[in-house]
Enquirer: 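Encoded as structure tokens, here's the structure I'll be asking about.
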2 protein chains.
Amino acid sequence: MDERLREDEAVDDLQNGYFIIQKKNAFRYGVDAVLLSDFAEIKQKHRVVEFGTGTGIIPILIYARRKPKKIIAIEIQADMADMAARSMKLNRLEDVVEVRRMDLKEAPALLGKALYDCVVVNPPYVKKDCGINNPEETKAIARFEILCNLQDVVQSAKELLQPGGKLFMVHRTDRLVDIIYEMRNVGIEPKRIRFIHPSAGKRPNLLLVEGARGGNVELKFMDPLYIYDESGNFTEEIQRIYGRVK
Amino acid sequence: MDERLREDEAVDDLQNGYFIIQKKNAFRYGVDAVLLSDFAEIKQKHRVVEFGTGTGIIPILIYARRKPKKIIAIEIQADMADMAARSMKLNRLEDVVEVRRMDLKEAPALLGKALYDCVVVNPPYVKKDCGINNPEETKAIARFEILCNLQDVVQSAKELLQPGGKLFMVHRTDRLVDIIYEMRNVGIEPKRIRFIHPSAGKRPNLLLVEGARGGNVELKFMDPLYIYDESGNFTEEIQRIYGRVK
């Protein structure tokens, strides 16, 4: 592996002892990656698979806070997988965070079935048929369900997870029906849900959901999470999450 | 029909030109009936079926505001059906609001399939196995899934509705997964959802959902509805809804 930084890349300090390589003009990680990393209740003894790691931001944030035994971060796009692998190397995390170039649909066959405690995923949010301009673009693949859809995500997660193993996902609220339907359909029962609102009084636009493979029916709602307060600043909880994750 | 008031009953003025007969010590209608009546976008030309009308509060509130052509309000319990029918008579609504004693599972066979524009339901909220003390009691039948469950509700609704016809339901948030799963499963696609929170910052405990028979996949979230403001008073929106419904 050529570990040198490419010309269009920059190293950003995550302020938690870790660094991330990102493209200068694209793919800077968002609040959804931070919220998912905080929401996912991962323990030190856990073996984790992350789908579609992109820059690798989520496994770095999870490792920084939770120190799980192993995270296998898969990514279908070669350039992104390469960049994420270089970020792990930069952080000397390459032994605990293994970046593998792989289609998530093949993950159960390649990584082994029913072996993992947790699957974490920030999937493409938008259905394939909703106005894609450049389906070849790296960005489009991360955003639209071009190479995988929600059914593929939950099916692969189910196969990778041990009985009782957890799926942690962040998604857009307009996909709520698909999320719940597909999860229960493959046998991952939604157990905990949190809606994320831009601010109090506004409809939620993101949600965090935890499902358990083969779990019984018992859904817990968490208090809503607001991003901004009345003055347009990050709420105290968002500041706490950022402080905790990083 | 003996139209006289029973000893344990009282007539309450709904402040909208209509009255309701209620038991003195039980079954006084709640905020969920008011919110559902306001949420249900029923038009004058509509033919509506309401499941489990109880006292008949929902068809009275819907009629007062929307004046639909016809509401068939069904109720399985004889004493409740009788009381509701007397409330319609008292309000001279017996021609537009027909109270029928009926099991909702038999409604499609008895009322005709695919004939209705809307079904409205405030179903029993709690699963059968969750600690029922007196399964014979009128109150238990309204509260627990003793005589019907959610699957029965959506199945009967689907059969009664015309293609494109709407189901309007209020339910508890801890049943969200069941609601969404069962609706999509019978072919009623959830289209609009609103969460009801005791107050801003608190997790929602009720939800309003609109589904369309054979509708395409497209879910809209509404802004959250808060019952109480910071001072513990009804929010302005709740006051507006009460004013609008009654």
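Each chain gets a letter, A, B and so on, in the order its sequence line appears, and its residues count up from 1. Since this is a predicted model, take the numbers as computed values, not measurements. When reading the values below, keep in mind they use all heavy atoms of this one structure, side chains included, and skip hydrogens, waters and symmetry mates.
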Enquirer: Under 30°, 30 to 60°, or over 60°: which ring-plane class applies to H171(A) and Y125(A), parallel, tilted or perpendicular?
Expert: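 The arrangement is tilted - the two ring planes meet at 30° to 60°.
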
Enquirer: Which atoms of E218(B) come close to chain A, meaning under 4.5 Å heavy atom to heavy atom: side chain ones, backbone ones, both, or neither?
Expert: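 Neither the backbone nor the side chain of E218(B) comes within 4.5 Å of chain A.
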
Enquirer: Give me the ring orientation class for F168(B) and F39(B): parallel if the planes are under 30° apart, tilted from 30 to 60°, perpendicular past 60°.
Expert: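 Rings of F168(B) and F39(B): perpendicular, as their planes differ by over 60°.
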
Enquirer: Assess whether a salt bridge exists between E159(B) and K113(B), defined as any Lys/Arg side-chain N lying under 4.0 Å from an Asp/Glu carboxylate O.
Expert: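 Answer for the salt bridge query: yes.
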
Enquirer: Let me know if Y226(B) has heavy atoms under 4.5 Å from chain A in its side chain, its backbone, both or neither.
Expert: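 For Y226(B), the contact with chain A is made by the side chain alone.
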
Enquirer: Of the backbone (N, CA, C, O) and the side chain (C-beta and beyond), which part of N205(B) lies under 4.5 Å from a heavy atom of chain A, both, or neither?
Expert: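 Nothing of N205(B), per the 4.5 Å heavy-atom cut-off to chain A.
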
Enquirer: Counting only heavy atoms closer than 4.5 Å, note whether L225(B) contacts chain A via side chain, backbone, both or neither.
Expert: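 For L225(B), there is no contact with chain A at all, as no heavy atom is under 4.5 Å.
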
Enquirer: Check this for me, if you would: do D38(A) and R65(A) make a salt bridge, where the nitrogen-to-carboxylate-oxygen distance has to be below 4.0 angstrom?
Expert: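 R65(A) and D38(A): salt-bridged.
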
Enquirer: Salt bridge between D178(B) and R184(A), side-chain N to carboxylate O under 4.0 Å?
Expert: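 Yes.
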
Enquirer: Find the one option among D174(B), I193(B), T173(B) whose heavy-atom pairs under 4.5 Å with chain A are most numerous.
Expert: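 Highest number of heavy-atom pairs under 4.5 Å: T173(B).
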
